[in-house]
Trainee: 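Next up is a structure, given as structure tokens.
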Amino acid sequence: MTANRPATPRLVMLGQNQYGKAENRVVKIVRDGDTHHIKDLNVSVALSGDLEEVHLSGSNANCLPTDTTKNTVFAFAKEHGIESAEQFGIHLARHFVTSQEPIKRARIRIEEYSWERIATSDGNSRFIGADEVKHSFVRKGQETRLTEITYDGERWQIISGLKDLVVMNSTHSEFWGYIKDKYTTLKEDYDRILATEVSSRWRFNWTDDDQRMPNWERSYAQVKKHMLEAFAETYSLSLQQTLYQMGSRVINNRSEIDEIRFSLPNKHHFKVDLEPFGLKNEAADGAVYHAADRPYGLIEATVLRDGVEALIPQDLTNL
Ligand SMILES: O=c1[nH]c(=O)c2[nH]c(=O)[nH]c2[nH]1
């Protein structure tokens with residue numbers, strides 16, 4: 001069949017478009033003798049460029065098949081290895097934009113799942129090192145690491161982050177002094193639980209190939225450390241205040257990062273009324289709480305280095 005353009009004048013226009021293979025689950029094992037290392041990624045490719053005709057006339061002359069983008073992900077994992085999710089995404093984005101003329105922009109999104117070695121007390125097995133099995137892993141339940149690489153042939157935008165990091169302070173949290181109107185029933189609290197599931201994205205100021213690249217693995221570990229330390233060390237008067245402390249700790253300590261955004265659900269823990277059973281239920285004595293799953297307060301904000309432009313989108317679920 002020949003490719004056809006519509007004969008009638010166009011009344012509609014093609015808007016923003018992108019395509020690629022989403023959620024390529026790639027697992028790479030590196031063998032260092034009989035000690036193995038795992039990189040476990042979920043890689044999504046989105047390409048855009050001169051793709052009008054693909055949509056308008058059905059000509060696929062400018063279309064690199066999504067199947068090819070999938071194959072490239074797996075081949076690159078073998079050919080180049082996976083040093084870090086960011087490095088891997090940069091390789092892929094550069095490849096798509098520089099190897100295919102019609103492709104002008106590549107966006108690579110990666111989720112990374114981490115694994116840790118299974119520790120064992122059995123020293124007899126020939127597979128066992130000091131106290132860890134060299135090829136046996138348990139998936140870390142903690143957080144999922146994220147990155148998004150965007151490249152247009154000139155400029156890079158690298159936004160990394162994490163989600164599903166659940167944290168709790170069992171004290172050192174208060175909430176009082178707020179507006180009270182006729183609908184307010186919330187009691188002021190001078191000793192409450194503060195818990196949240198951190199979703200965060202941070203933007204690197206590495207934007208072109210002439211700059212020295214950050215050490216992506218170390219940067220991630222340090223951001224997480226500062227975030228967690230700020231959460232633990234802040235005597236909190238609101239989750240908003242804790243958020244700002246977490247963000248400013250990262251910006252102050254990590255010069256490679258200019259902007260960080262958080263989406264923090266307030267995972268409410270309500271003291272149960274045990275008065276009907278003749279029981280006092282006070283925080284000071286070690287209380288019993290109902291962990292409510294919904295509704296939840298949702299506290300979201302960006303913390304930026306002074307003078308930089310905010311570029312991380314407001315809705316982190318779309319990132
Ligand atoms: O840390 C909090 N921030 C709020 O804005 C808020 N609102 C509320 O009901 N509880 C809380 N807690």
Side-chain angles (χ1 to χ4, degrees), residues 141-144 146 159-203 222-254 257 259-276 279-306 310-319:
Q142 244 182 25
E143 83 276 11
T144 299
L146 307 164
I159 295 175
S160 293
L162 57 78
K163 64 177 182 180
D164 305 330
L165 183 66
V166 180
V167 289
M168 175 192 281
N169 284 326
S170 53
T171 188
H172 286 194
S173 167
E174 307 185 8
F175 189 63
W176 48 269
Y178 41 80
I179 296 171
K180 292 162 193 92
D181 69 8
K182 65 178 181 175
Y183 300 112
T184 303
T185 56
L186 186 74
K187 298 268 180 304
E188 296 196 325
D189 204 337
Y190 298 88
D191 191 352
R192 67 173 185 169
I193 285 179
L194 186 68
T196 186
E197 185 179 302
V198 181
S199 179
S200 176
R201 307 290 184 278
W202 50 91
R203 183 171 56 77
Q222 288 290 309
V223 170
K224 183 177 160 192
K225 173 183 113 82
H226 288 301
M227 216 183 251
L228 289 178
E229 284 179 1
F231 179 80
E233 290 167 12
T234 301
Y235 190 108
S236 176
L237 298 178
S238 67
L239 184 51
Q240 288 90 328
Q241 185 207 17
T242 296
L243 180 157
Y244 186 75
Q245 286 301 317
M246 292 165 75
S248 49
R249 191 83 73 104
V250 171
I251 297 295
N252 282 330
N253 285 284
R254 302 306 307 171
I257 293 164
E259 178 188 4
I260 182 164
R261 185 164 177 82
F262 293 91
S263 179
L264 301 181
N266 193 350
K267 294 172 78 72
H268 301 299
H269 288 70
F270 297 115
K271 262 185 248 120
V272 181
D273 179 9
L274 298 176
E275 288 288 337
L279 297 169
K280 273 205 149 40
N281 196 25
E282 297 296 337
D285 305 326
V288 172
Y289 298 84
H290 169 223
D293 73 337
R294 64 186 81 169
Y296 48 89
L298 185 59
I299 312 301
E300 303 183 295
T302 299
V303 183
L304 308 127
R305 197 172 297 289
D306 193 19
L311 296 173
I312 300 175
Q314 284 183 18
D315 189 353
L316 296 189
T317 55
N318 292 331
L319 201 67

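Just so you know, ligand 1 is whichever comes first in the structure, and atom 1 is the first atom listed for that ligand. Computed over heavy atoms, backbone and side chain alike; hydrogens, waters and symmetry mates excluded. Sequential numbering from 1 along the given sequence is applied to the chain's residues.
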Trainee: Which residue and atom name correspond to the protein heavy atom nearest atom 9 (O) of ligand 1, and how close is it?
Mentor: L186 CD2, 3.5 Å

Trainee: Using a plain distance cutoff, I'd like to know if I299 has any nitrogen or oxygen under 3.5 Å from a nitrogen or oxygen of ligand 1.
Mentor: no

Trainee: Once you restrict to heavy atoms under 4.0 Å, what part of N266 touches ligand 1? Side chain, backbone, both or neither.
Mentor: side chain

Trainee: Pairing donors with acceptors under 3.5 angstrom, does anything connect the side chains of S236 and T242?
Mentor: yes

Trainee: Closer than 3.5 angstrom, by distance alone: can the side chain of H268 be matched with the main-chain N or O of G297 as a donor-acceptor pair?
Mentor: yes

Trainee: Determine yes or no for a side-chain-to-main-chain donor-acceptor pair under 3.5 angstrom, with R203 supplying the side chain and I312 the backbone.
Mentor: no

Trainee: For ligand 1, which part of R192 has a heavy atom less than 4.0 Å away: the side chain, the backbone, both, or neither?
Mentor: side chain

Trainee: On a heavy-atom basis, I'd like to know which of Y178, W176, Y296, F175 is closest to atom 7 (N) of ligand 1.
Mentor: F175

Trainee: Report yes if some heavy atom in the side chain of D273 is under 4.5 Å from a heavy atom in the side chain of N281; otherwise report no.
Mentor: no

Trainee: Distance under 4.0 Å to a non-hydrogen atom of L239: what atoms of ligand 1 satisfy this?
Mentor: 1 (O), 2 (C)

Trainee: Would you mind reporting whether M227 and V167 have side-chain heavy atoms less than 4.5 Å apart?
Mentor: no

Trainee: For ligand 1, which atoms, with element, lie under 4.0 Å from some heavy atom of S238?
Mentor: 1 (O)

Trainee: Would you tell me whether Y178 and E188 have side-chain atoms, one donor and one acceptor, within less than 3.5 Å of each other?
Mentor: no

Trainee: Hey, is ligand 1 close enough to Q240 that some N/O pair sits below 3.5 Å?
Mentor: yes

